Amino acid sequence: MGKVLTREQLLERAAHARRAGRSIAFANGCFDLLHVGHVRYLEAAAQEADLLVVGVNDDETVRELKGAGRPILSAPDRAELIAALRCVDYVVIFPEPTVGPLLQALRPEVHCKGTDYTVESVPERDIVTAYGGRTAIVGDPKDHSTRDLLARITAAAPQR
């Protein structure tokens, strides 16, 4: 049984987990070129509930959010990398421009966002509050980014 699931599979597993008395934390992102900031964010999110579900933006959404040349890795590859982390229980790729519809379907007890947000600035906070969930800001300070990593790689590449 893999950890990368369709939305339908995820909702079935979540229902089963809840019947067993387990709570769900949810984190999301592009996760293009996995780095230590991602790992710290997800490890901290996993501490918020019994299970951690991670939503990964599909390729089209990443292109819209990050621009030309992104993502570097395909959504299935990014999802598989995230699923390989010990702290992650399930991963789902989502195609919507925001995670709102997935949050409404899954209804995690805790929606986790990184430290580049405050509870008040999380765009989906009202959705989470409406179904009785809470928002948690987790991870270390936003000192790491894929954009900076790509710039370092480009700068280090030999010029032709």
Side-chain angles (χ1 to χ4, degrees), residues 1-66 70-140 142 145-146:
M1 291 199 141
K3 290 167 66 172
V4 179
L5 307 175
T6 65
R7 186 172 305 207
E8 294 73 26
Q9 291 169 324
L10 174 62
L11 296 177
E12 288 173 17
R13 300 266 179 102
H16 179 74
R18 287 196 174 103
R19 285 192 299 274
R22 301 182 81 190
S23 60
I24 298 171
F26 179 84
N28 66 283
C30 297
F31 304 106
D32 197 14
L33 288 187
L34 190 62
H35 58 70
V36 70
H38 293 139
V39 173
R40 291 174 182 165
Y41 163 56
L42 296 175
E43 286 177 336
Q47 297 301 310
E48 296 291 325
D50 299 314
L51 295 173
L52 176 59
V53 173
V54 180
V56 173
N57 295 85
D58 75 355
D59 293 343
E60 182 61 32
T61 305
V62 174
R63 266 189 291 285
E64 291 170 12
L65 291 170
K66 305 294 184 178
R70 300 283 297 276
I72 302 299
L73 300 173
S74 70
D77 287 352
R78 291 181 283 122
E80 186 174 339
L81 286 168
I82 295 299
L85 297 174
R86 188 175 336 141
C87 63
V88 175
D89 293 289
Y90 301 117
V91 178
V92 63
I93 298 169
F94 67 98
E96 296 88 358
T98 73
V99 76
L102 182 54
L103 285 170
Q104 288 174 319
L106 180 61
R107 300 170 69 98
E109 284 76 7
V110 187
H111 178 215
C112 301
K113 294 298 276 186
T115 58
D116 47 335
Y117 289 91
T118 64
V119 170
E120 295 76 25
S121 71
V122 172
E124 304 84 12
R125 182 176 65 112
D126 290 342
I127 292 169
V128 175
T129 301
Y131 68 73
R134 71 179 172 88
T135 301
I137 304 302
V138 299
D140 65 350
K142 182 84 172 167
S145 75
T146 300

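What you see below is based on every heavy atom in this structure, not just the backbone, and it leaves out hydrogens, waters and symmetry mates. Positions are given from 1, in the same order as the sequence printed here. This one's a predicted model, so the numbers in the text were calculated from it and none came from an experiment.
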Checklist entry - Side chains of Pro95 and Arg7: closer than 4.5 Å at any heavy-atom pair? => result yes
Item to check | Closest contact, heavy atoms only, Ala25 versus Cys112 | outcome: CB-SG, 4.2 Å
Item to check | Nearest heavy atoms of Asp140 and Gly37, plus distance in Å | outcome: OD1-CA, 4.3 Å
Item to check | Glu109 backbone acceptor or donor facing Tyr131 side chain under 3.5 Å | outcome: no
Checklist entry - Does any non-hydrogen side-chain atom of Lys113 lie less than 4.5 Å from one of Thr118? => result no
Item to check | Taking every non-hydrogen atom, the tightest pair across Gly2 and Leu5 | outcome: O-CD2, 3.6 Å
Next on the checklist: With rounding to the nearest 0.5 angstrom, report the CZ to NE2 distance, Arg22 to His16.
Outcome noted: 9.0 Å
Checklist entry - Do Arg78 side-chain atoms and Asn57 backbone N/O form a donor-acceptor pair below 3.5 Å? => result yes
Checklist entry - Checking Ser121 side chain against Tyr117 main chain: does a donor-acceptor pair fall under 3.5 Å? => result no
Item to check | Residue pair Leu106 / Phe26, side-chain heavy-atom distance below 4.5 Å | outcome: yes
Next on the checklist: Would you say that Ile137 contacts Val122 through its side chain, given a criterion of any heavy-atom pair below 4.5 Å between the two side chains?
Outcome noted: yes
Checklist entry - Hey, does Asp89 have a side-chain heavy atom less than 4.5 Å from the side chain of Arg13? => result no
Checklist entry - Are the charged groups of Lys66 and Asp32 less than 4.0 angstrom apart, N to O? => result no
Item to check | Distance (rounded to the nearest 0.5 Å) between Ile127 CD1 and Thr135 OG1 | outcome: 10.0 Å
Checklist entry - Is the side chain of Tyr41 donor-acceptor paired with the backbone N or O of Thr115 at a distance under 3.5 Å, no angle test? => result no
Item to check | Shortest non-hydrogen separation from Val4 to Ala83 and the atoms involved | outcome: CG2-CB, 3.8 Å
Checklist entry - Which distance, rounded to the nearest 0.5 Å, do you find between the NE2 of His38 and the SG of Cys30? => result 8.0 Å
Item to check | Separation between OG1 of Thr98 and CG of Leu103, rounded to the nearest 0.5 Å | outcome: 8.0 Å
Item to check | Atom pair CZ (Arg70) and CD (Glu64), whose distance is rounded to the nearest 0.5 Å | outcome: 14.0 Å
Checklist entry - Can a salt bridge be assigned to the pair Arg63 and Glu60 using a cut-off of 4.0 Å between side-chain N and carboxylate O? => result yes
Item to check | Atom pair CG/CG of Asn28 and Leu42 - distance to nearest 0.5 Å | outcome: 10.0 Å
Next on the checklist: Tell me the closest heavy-atom pair linking Arg107 and Arg18, and the distance in Å.
Outcome noted: O-NH2, 2.6 Å
Checklist entry - Any idea which heavy atoms bring Ile82 and Leu34 closest together, and the distance? => result CD1-CD1, 3.6 Å
